[in-house]
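The structure appears below as structure tokens.
For ligands, and for the atoms within them, numbers begin at 1 and follow the listed sequence.
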Amino acid sequence: MDDFTLLPDESVVTRNDDVTYGNRSMFGNGSKGALILTSRRLVLLKKGMFGKVKDVSSFALSDIIISNGQPQVQARKRPFNPSMDVYFTGGEESFRFTWPEEAAEFAAAVISTITGQEVEVASGDDKFIENAAAAMEKINHIANKLRRTFGLQSTETMSADCPGCGASLTGTAGETVKCPYCGTYHTF
Ligand SMILES: [Zn+2]
């Protein structure tokens, strides 16, 4: 059971049952909770063991800082750490979500509730896709480095453009090849 009570003129706008909040430490990712947006406030149900609600925190929407007519609510659509950052007169609160889209949709809902205006949520966020692609590339690079370190050569043929002249080069993961045209070395 959620132990919080709606006020007579209060209604639930949206909720997300898988939110993380609080400081990350070397021991964990913060605490788990459910975040509820009502017509008046953000309610954080802090969950303890077995998902039982152990504490309820309330943040009034009227305490959110408005700057140039814009409520200071920001979705950060980082692929590995999507969050909604809210700036209250008393300080900043950050709620982390599983998916970037959830953070964006929740932030849009908070802003619409405050301003009474619909907020567009861009579906194909270019920046997000760009970041995800960069992250994938990095993982690939690390995987190749590991294969090299442990002598596990991949037999999969890869191709790349020569960094020196742009010619097409082929090789296997971890292999270093010399471009036959310009002599530049490239490691797959
Ligand atoms: Zn070349």
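Between the side chains of Ser58 and Arg41, at least one donor N or O lies within less than 3.5 Å of an accepting N or O. For Thr187 and Thr176, the side-chain atoms include at least one donor-acceptor pair closer than 3.5 Å. Using modelled atom types and a 3.5 Å distance limit, the side chains of Ser39 and Glu10 yield no donor-acceptor pair.
Closest approach of Pro82 to Pro100, counting heavy atoms only: CB-CA, 3.5 Å.
Note on the Zn ion (ligand 1): protein N, O or S atoms under 2.8 Å away count 4, no waters included.
A salt bridge links Asp9 and Arg40; the closest N-O separation between the charged side-chain nitrogens and carboxylate oxygens is under 4.0 Å.
For Glu102 (side chain) and Trp99 (main-chain N/O), a donor-acceptor pair under 3.5 Å exists by modelled atom type.
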